[in-house]
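Scroll down for the structure; my scribbles are underneath it.
Everything numeric in this text was worked out from a predicted model, so none of it was measured.
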Protein chains: 2
Amino acid sequence: MVVASPVRERKKRETWRLVHAAALRLMTERGFDAVSIDDIVAAAGISRRTFFNYFAGKESVVFDPDPDDPALWAALLTERPAGEPLWVSLREVLIGYTTAAADRMLLQRRVRLASPELAGCSRELADQFWVAARDWAADRSGLDELHLDLTVNAARTVLNTSCPHWDADTGITGLHELIRAGFAFVTPSLPERITS
Amino acid sequence: MVVASPVRERKKRETWRLVHAAALRLMTERGFDAVSIDDIVAAAGISRRTFFNYFAGKESVVFDPDPDDPALWAALLTERPAGEPLWVSLREVLIGYTTAAADRMLLQRRVRLASPELAGCSRELADQFWVAARDWAADRSGLDELHLDLTVNAARTVLNTSCPHWDADTGITGLHELIRAGFAFVTPSLPERITS
DNA sequence: GTGCAACTTGCACTCAGTGCATGATTCCCG
DNA sequence: CGGGAATCATGCACTGAGTGCAAGTTGCAC
């Protein structure tokens with residue numbers, strides 16, 4: 001899955017995780033607004049300018065996926081059995097992804113609790129993931145653009161709504177229960193639609 | 001509906017609309033990022049500092065509701081007949097609101113088309129509206145918090161998904177058709193739930 | 001080891017957003 | 001009608017996000 005490990009690739013991932021960890025640690029302590037980018041780069045031991053080589057902005061450091069995540073969600077999407085209903089596939093991929101990324105979900109949750117100013121960001125999972133999910137669903141379902149977007153965005157809303165209601169003390173399985181409940185409650189009319 | 005017309009209230013609304021109109025005109029021409037706040041205040045003939053007395057930030061000038069809107073949506077919400085299913089009520093309030101605010105919906109759409117950088121803002125209607133809708137639905141439905149949020153956020157997603165698919169040449173009724181289609185396609189399981 | 005490509009860094013700059021102090025306008029009440 | 005209080009507009013100075021550029025550094029291939 002990983003390329004081979006040219007030194008550059010490895011260092012980049014290490015740096016990404018170093019900066020990410022430093023930033024989220026500071027933010028859980030002080031809150032998002034109270035942590036400046038200068039604070040982050042000082043804690044991570046890199047230059048201010050390098051921060052922007054890794055992250056497009058301050059919010060990105062909270063919500064961007066780990067460098068390994070795209071491979072992860074690509075695997076989760078492709079391993080869904082043919083014939084499985086689209087809505088079920090989306091639910092299971094979300095459960096699989098949040099399981100694999102449980103640590104970061106918990107971290108994000110703690111940052112949010114310490115940062116009321118992030119309320120109304122609704123970016124629990126990176127945009128890139130939803131783009132990939134949309135592309136995948138487009139191939140498998142043959143839905144028109146409108147109903148495709150409605151379906152994927154409905155899934156996104158279920159997740160984004162579940163997270164604020166999630167008591168992190170219940171662990172990642174607590175989130176999974178909320179996701180299942182959400183998917184059962186709000187359902188697009190894809191009667192017996194199959195994902196090819 | 002309006003207080004009486006103390007001079008101050010009238011002037012504030014006039015200034016709000018003046019700044020709003022100037023900003024959105026510039027943004028349709030050049031795009032969101034290419035218009036600075038200095039450009040806006042110059043065009044509107046107010047001081048830079050006064051801009052922030054009216055708007056919390058640059059995005060607010062695009063997405064904030066008109067000063068008269070809260071009274072409008074309050075009326076739309078309260079005039080829904082008792083016994084109407086919650087999902088229908090939300091749909092009809094959205095249609096009523098977008099009808100009354102059709103001009104601004106069209107303006108916003110044009111700004112978005114000129115400003116790819118606004119993609120992924122999903123703030124078609126102001127947060128305040130959705131807070132009001134949530135409060136109203138909480139009173140009428142007696143739903144628990146989770147299912148309340150799932151329902152209201154699903155409605156929000158239907159609207160936010162409809163707008164990008166909306167061909168503004170079809171006028172506001174074109175948007176209404178998309179909203180109806182969306183509400184029919186994604187539906188929360190509120191079987192015979194009535195809004196008291 | 002030499003040369004190329006990728007990465008890091010510092011510097012200088014623009015612009016969003018805020019706190020504070022001050023002057024102008026409106027309002028209210030005697 | 002006049003004067004004090006509340007509200008609003010404004011200028012100024014400041015912090016911090018984000019970007020372009022050019023120079024230095026490091027890994028990689030031959």
For [X] and [N], what is the distance between atoms [atom1] and [atom2] respectively, to the nearest whole Å?
| X | N | atom1 | atom2 | result |
| --- | --- | --- | --- | --- |
| Arg8(A) | dC7(C) | CZ | P | 6 Å |
| Arg10(A) | dT26(D) | CZ | P | 15 Å |
| Lys12(B) | dT26(C) | NZ | C1' | 13 Å |
| Asp33(A) | dT18(C) | CG | P | 9 Å |

Contact list for [range], test salt bridge (Lys or Arg N to Asp or Glu O under 4.0 Å), sequence neighbours left out:
| range | result |
| --- | --- |
| residues 16-29 of chain B | Arg17(B)-Asp66(B), Arg17(B)-Asp68(B), Arg25(B)-Glu29(B) |
| residues 95-113 of chain B | Asp69(B)-Arg104(B), Arg112(B)-Glu124(B) |
| residues 156-169 of chain A | Asp127(A)-Arg156(A) |
| residues 35-57 of chain B | Arg30(B)-Asp39(B) |

**Study point:** Within residues 36-49 of chain B: residues closer than 4.0 Å to DNA chain D (heavy atoms)
**Key:**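 Output list: Ile46(B), Ser47(B), Arg49(B).
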
Point to revise | Near-strand residues of residues 50-66 of chain B, defined as heavy-atom separation under 4.0 angstrom from DNA chain D | key: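 Close to the strand are Thr50(B), Asn53(B), Tyr54(B).
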
Check your understanding: Taking DNA chain C as the partner, which of residues 119-128 of chain A come within under 4.0 angstrom of it by heavy atom?
Key -> none

Review point. Residues two or more places apart in sequence or in another chain: which of them pass side-chain hydrogen bond (donor to acceptor under 3.5 Å, both in side chains) with Asp149(A)?
Key: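 Expected list: Arg134(A), His165(B).
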
Once side chain to side chain contact (heavy atoms under 4.5 Å, CB included) is applied, do any residues pair with [X], and if so which ones, sequence neighbours excluded?
| X | answer |
| --- | --- |
| Ala23(B) | Ile40(B), Val61(B) |
| Val88(B) | Glu84(B), Pro85(B), Arg91(B), Glu92(B) |
| Ala100(A) | Leu72(A) |
| Ser115(B) | Phe32(B), Val111(B), Glu117(B), Leu118(B) |

Study note, to complete from the structure: So CG of Leu175(A) and CZ of Arg180(A): to nearest 0.5 Å the spacing works out to 10.5 Å

Check your understanding: Can you check whether Lys11(B) has a side-chain N or O nearer than 4.0 Å to OP1 or OP2 of dC8(D)?
Key ->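 Checking dC8(D) against Lys11(B), no side-chain N or O comes under 4.0 Å of OP1 or OP2.
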
Point to revise | SB check Arg10(B) Glu14(B) (cutoff 4.0 Å) | key: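 Salt bridge: yes.
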
